[in-house]
Structure formats: C-alpha cells, structure tokens
Amino acid sequence: MKENLQQILAHFHIELFQHDLIQWFQAEKRDLPWRKEKDPYKIWVSEVMLQQTRVDTVIPYFYQFIEKFPTLDALADAEEEEVLKVWEGLGYYSRIRHLHAAVKEVKEKYGGRVPASKEQFSSLKGVGPYTTGAVLSIAYDIPEPAVDGNVMRVLSRIFYITDDIAKGSTRKKFEQIVSHIIAHDNPSDFNQALMELGALICTPKNPSCLLCPVQRHCRAFAEGVEKQLPIKTKAKAPKHVAFRAVVLVNEEGRILIEKRPSSGLLANLWQLPNDEHAPTLNEQEFIKEISERYHVLIRSMERIDTFEHVFSHIVWHIEAYKAKALQLQIDRKTTKWVTADELKQYAFPVIYQKIWQAYE
DNA sequence: CATTCGTGGAA
DNA sequence: TTTCCAAGAAT
C-alpha cells in the first residue's frame, strides 16, 4: 500500500515483460471487428460501447452502429432519436448521448478529425481517463496508459498489489505503473495486450496461469495467491421499487407512449404509462393516477403479467396491465399515441420491451 | 470519495 | 438460484 513505484518495479524486467506480452498478443489476439482498421472514430465508438459491457454483447451493436453511422460526420448529423434507437438494449444510455455531443464538437471545432491531443480529446463529453488512453494509444500510437478493470486485475497479480480496485484513487496508482512499463515502440499492442490477457488468461475467478505468457513475471503466481487478487470490496445491495405500468389503447387502436426525462435513469428513452413516481397501493388508485396524469378515461383494465427487472443499483417490480381508454387530450410534448407499427422506431428500455411483448 | 447510471452471460 | 460482473464516466 505505502510502497512507492521504485519498490513495486524492483527486480521487474520491463523489456522482457513487454516482449513476452506483445508476442503473445500478436499470436493469440481475437479477430474483433474494431481491430480491422485504425479509424480513430471506430476505435472510439468501440471503446465507448465496451465500457462495462462484454465483447460478445458489443459485437452485433458495433456492426449495426457503423453500418448506420459509418463516419464521424454521419453520427454528428444524425437525430438523437435515431441514435438512441441503435443503442437500444445496450444500457448506460448516457454513453451514447455524450458520444453524440462529443462527435458534434469534434466536427465543429476540429473539422471532424478526432484530436490526437490528450488535452483536447479528454475534454470531450463521455471521455474519461480510460477512454483517453485507449483511443490515443490504439488509434494514434501515443504511449498513454489505458487502465480498465482487466488491467487492474492483471497488474494486481503481477505486482502483488493489494489496494482495493473498487476505490477510485487506486486507478491512478496503476496508471503510474503502466506509464513506466508501457512499450513506447508499440503502445497500442501493449495496452490491448494487457486487456486481452485479462479477458482470456488472467480471468477473475480461475486464471489460466499455466498458459500465461507472463507467468515468470507474476509475483502473485510465485506466491500462489493469484486467486486472492485483486482485492475488491462488494457493491451494496440494490434498492427495491414496485410500481405499475399499462398498455393504454385508444378508440383507434393507438398506444400511448411517453418520453422519459432528459436526465437520470434511462434518460430520453420511451416508456409505457406508469406510476413510477407515485406508486399506488391498489388498482383503483392506479386507474385514478393514470387517468389524471395522462388525461384519459379508463374504460376497462386487466393485469397481464408481473415482471422483475434488475439494474445495477435498483430492482424494479412491475405489475403490467392492459387497458382500453378514451383519449381526452391530444399529444403533449412528452406523450404520443402511436400505432403498433410506429412503436418500433422509438427506443425503449428492455423492461418495457418485455411488457409490450407480453401484451402482443 | 461514494453514488448513479443497464444489461445479459458466466460461474 | 445467487452472485458477480464487463475495455467507466459523470455527479
């Protein structure tokens, strides 16, 4: 914990480690779609998608996204509604809202070219310490550390570091280490190799140390403590919230949808009418709440199913209903009556997709 | 520094 | 089934 960089790196063979690591990476790296070319825009998109998201999940989204927005300018010129729809189901939606804003700024201020300056790139929305290092090193071969969860796990074991990687301050320690051991002649492969090693060999639970290309550099393996690292405190238990939602159908067979607020959970996505902000005790109160909030006259209502949806920090328990209603007011700013076909062009959270499917 | 932000897959 | 988590950033 208190040991300094000199002590951590004592007896560590930097050049040999770089060689072993990069040699392995070049031979064993996965053939991923964002590794086909060095377009800074595509590298950037992939890095944003990969934040807290598995490679297998990202791959189809990446293809779909690049097909729809092949260039930075194409994304900058797109409507947010269209951009959100392509991101639908991927989660952490502030990522795409920030990326969209950042790309617009790059188009305006830098002529559409992703800045290779650490100062300029890291100042863009949604671009933090990791993404800065990842894009600058992979796309521009600039020797900046790109410290993610993989890198902290791998280096915790290599150097037998027992700091809690759940704490924000710990990342800086690893960035210092990487700054001193990064291969200046190939920072792109070096950074990617650390992450690839974490994904394929130096895994969280049962690391494949016998197959590890840098086993001879690893202090944790030498001490037989690789499974006890890294140190990471548990996340607190999520809070449970229960409410109701309803598929409201008017006389024309149109369905009522509502745009969520521009900040907070699932920002700017669409949803079905619900009492999330004023949970009701019984069905009568629910009918009253929905009638007043959405300006409709409920003619009949019936529960169709119950759902549970788990977020990182919240668990939603939703009772889903279907109802026939008289439309007492035309569309407002945040609500629309749409046909089942039109519904498909709006971005919905997964939980509301499930409810819609249950209704159909 | 702690909390808020999704989702689906693996152990 | 439960737990943990996956190439983090903003607040």
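Lettering of chains follows the sequences in order, A, B, ..., and the numbering in each one begins at 1.
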Take atom CG of A:Leu194 and atom P of C:dA6, then tell me their distance rounded to the nearest Å.
16 Å
Give me the one residue out of A:Phe62, A:Tyr61, A:Tyr63 that meets ring-ring contact (aromatic ring centres under 6.0 Å, His included) with A:Trp34.
A:Phe62
Given atom CD1 of A:Ile59 and atom C1' of C:dA6, what is their separation to the nearest angstrom?
13 Å
Taken to the nearest whole Å, CZ/A:Phe174 to C1'/C:dG8 is 16 Å
Atom CH2 of A:Trp44 and atom P of C:dG8 are separated, to the nearest Å, by 17 Å
Contact under 4.0 Å: A:Lys172 side-chain N or O vs B:dC1 OP1/OP2:
no
Toward the 5' end of DNA chain B, by each residue's nearest nucleotide, A:Gly168 or A:Lys236:
A:Gly168
Between A:Glu258 and A:Leu272, is there a donor-acceptor pair closer than 3.5 Å when you use the side chain of the first and the backbone of the second?
no
Contact class for A:Leu197 vs. all strands (heavy atom < 4.0 Å): base, sugar-phosphate, or nothing?
nothing
On the 0 to 90° scale, with breaks at 30° and 60°, tag the A:Phe17-A:Phe190 ring pair as parallel, tilted or perpendicular.
perpendicular
Quote, to the nearest angstrom, the P distance that separates C:dA6 from B:dC5.
22 Å
Protein-to-nucleotide contact annotation, 5' to 3' order, nucleotides 5-11 of chain B [B base; S sugar-phosphate only; - none; under 4.0 Å, heavy atom]
BBBBB-S
Send over the distance from A:Lys167 NZ to B:dC1 C1', rounded to a whole Å.
9 Å
Suppose the criterion is ring pair (Phe, Tyr, Trp, His ring centres under 6.0 Å): which pairs have a residue in residues 296-339 of chain A, not counting sequence neighbours?
A:His240-A:His317, A:Phe243-A:Trp316, A:Phe286-A:Tyr321, A:His309-A:Phe311, A:Phe311-A:Trp316
Using whole Å, report how far CG of A:Leu124 lies from P of C:dA9.
13 Å
When we call it a touch if two heavy atoms are under 4.0 Å apart, what does A:Trp34 touch: a base, just sugar-phosphate, or nothing?
base
Tell me what A:Arg260 touches on the nucleic acid: a base, only sugar-phosphate, or nothing, going by heavy atoms under 4.0 Å.
nothing
Can you measure A:Leu50 atom CG to C:dG8 atom C1' for me and round it to whole angstrom units?
11 Å
Determine whether the aromatic ring centres of A:Tyr41 and A:Phe69 lie less than 6.0 Å apart.
no
Result for 5'-nearest mapping on DNA chain C, choosing between A:Thr131 and A:Lys234, is A:Lys234
Answer yes or no: is there an ion pair linking A:Arg30 with A:Glu196, defined by an N-O contact shorter than 4.0 Å?
yes
Whole-Å P distance, C:dT3 and B:dG6:
23 Å
Which part of the nucleic acid does A:Arg30 contact within heavy-atom distance under 4.0 Å: base, sugar-phosphate only, or nothing?
base
A:Leu99 CG to C:dA10 P: how many Å, rounded?
12 Å
Within the 6.0 Å centroid threshold, strictly below: A:Phe348 and A:Trp356
no
